[in-house]
Amino acid sequence: MASRIARKITKAVLSREQMDGDGARVYRSIGSHALRNLDPFLMLDEFDVRAPGGFPDHPHRGFETVTYMLDGEFLHEDFKGHKGRIGPGDLQWMSAAKGIVHAEIPANNSRAHGLQLWINLSSADKLSEPNYQEYPKEQVLHVSPEEGIDIKVIAGESYGVQSPVMTRTPTMFIDVKLKKGKTMEQVIPKNYAGFIYTVAGTALFGGDQHKSEAHHTLVLSENGGTYIPVESTSDDCHFVVIAGQPIKEPIVQHGPFVMNTQQEIYQAFADYQHGRNGFEGAPEWTSSIRDRWSS
Ligand code: FJE
Ligand code: FE
């Protein structure tokens with residue numbers, strides 16, 4: 001019988017809340033000082049935003065943003081007129097690539113709570129055409145291998161269910177809810193780097209090795225292992241498993257621009273400022289939703 005190697009947890013970091021955007025509360029996982037970046041991931045924020053907070057007009061270049069809403073609703077609008085609403089369980093997979101300028105703000109007065117993941121793009125993809133993949137809750141595939149185990153397959157595969165999301169950077173992203181005492185194993189391609197982010201409840205991750213509560217990032221070992229075992233120790237256990245193929249290229253990041261060289265960062269600023277090379281129309285544009293909460 002072939003031997004199976006389990007991933008272990010090499011590092012556990014608790015996120016403290018901080019403010020970003022315009023008065024928006026986030027728990028930063030990847031992208032915080034303790035977890036600078038975990039190639040191919042640049043950032044994971046658990047946002048918990050109430051109007052008038054939000055993320056008004058801002059640009060992106062060189063990577064993808066994945067917004068997965070847990071509770072409440074966001075409005076979004078971009079500089080090409082693409083707009084919509086992201087509600088509980090909805091998924092927006094946005095490949096900003098050569099340039100998107102947009103606003104993301106709460107749709108109403110209740111709390112907008114969710115996850116936003118930033119995935120780097122390889123040099124070959126950084127200046128490709130922007131692209132959206134949008135899935136309302138009903139179209140996000142889910143699998144329940146047994147009662148008390150509920151998995152949403154946002155990207156990649158879990159228990160034989162394959163997400164239709166196209167990932168320019170090979171990525172898996174699953175959302176898991178477990179009742180107390182339930183066990184599951186998530187398969188992870190052996191060359192992927194990955195982590196778990198805990199949203200609620202407690203569980204043992206990586207054998208009996210690690211117990212965790214909410215707002216923790218658990219970095220997975222890069223030991224060639226092909227799965228991570230989990231056992232829930234509470235009825236409200238909720239976490240995500242995110243893993244991807246490392247890009248292994250230099251990263252120069254300036255806020256919302258992520259390129260390979262300093263020169264490309266200067267170019268991104270100039271393009272954004274002058275409305276060129278994918279940022280056409282950006283200097284004149286303001287979103288119609290940005291003033292929703294100002295009187
Ligand atoms: C930001 C550039 C940005 N975390 N979580 C600079 F793009 C952002 C930003 C976000 C963001 C947006 C959502 Cl919807 C959720 C997020 C950062 O838009 F805050 C800064 N400072
Ligand atoms: Fe954004």
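These values consider heavy atoms only, across backbone and side chains, with no hydrogens, waters or symmetry-generated copies. Note that ligands are numbered from 1 as they come in the structure, with each ligand's atoms numbered from 1 the same way. On a predicted model such as this, the values are computed, not experimentally measured, just so you know.
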Mind checking whether His76 has a heavy atom under 4.0 Å from ligand 1?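 Contact absent.
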
Does Asp45 have a non-hydrogen atom less than 4.0 Å from ligand 1? yes

Give the numbers and elements of all ligand 1 atoms closer than 4.0 Å to a heavy atom of Gly21. 19 (F)

Below 4.0 angstrom, counting only protein heavy atoms, does anything approach atom 6 (C) of ligand 1? no

Please work out which of Phe55, Trp118, Phe257 has its closest non-hydrogen atom nearest to atom 3 (C) of ligand 1.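 Residue with the shortest heavy-atom distance to the ligand atom: Trp118.
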
Check [Y] with [X], please: is the shortest side-chain N to carboxylate O separation under 4.0 Å?
X      : Y      : answer
Glu146 : Lys182 : yes
Lys248 : Asp39  : no
Asp57  : Arg290 : yes

What is the name of the N/O/S atom in [X] that sits closest to the Fe ion (ligand 2)?
X      : result
His58  : NE2
Glu104 : OE1
His102 : NE2

Would you say Asp20 has any N or O atom under 3.5 Å from an N or O of ligand 1, going by distance alone? yes

Taking distance alone, with N or O pairs closer than 3.5 Å, would you say His58 contacts ligand 1?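 There is such a contact, yes.
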
Flag this pair as yes if the NZ/CZ of Arg61 is under 6.0 angstrom from the six-membered ring centre of Tyr272 and inside a 45 degree cone about the axis; otherwise no.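 Checked: cation-pi criterion not met.
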
Any donor-acceptor N or O pair under 3.5 Å, side chains Gln262, His254: no

Would you find a donor on one side and an acceptor on the other, under 3.5 Å apart, between the side chain of Glu280 and the backbone of Gly278? yes

More than 12 heavy atoms of other residues, nucleotides or ligands under 6.0 Å from OH of Tyr266: yes or no?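 Result for OH/Tyr266: open.
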
May I ask you to identify the nearest protein heavy atom to atom 14 (Cl) of ligand 1, giving residue, atom name and distance to one decimal place in Å? Phe74 CE2, 3.1 Å

Rounded distance (nearest 0.5 Å) linking atom CZ of Phe63 with atom NZ of Lys126: 8.5 Å

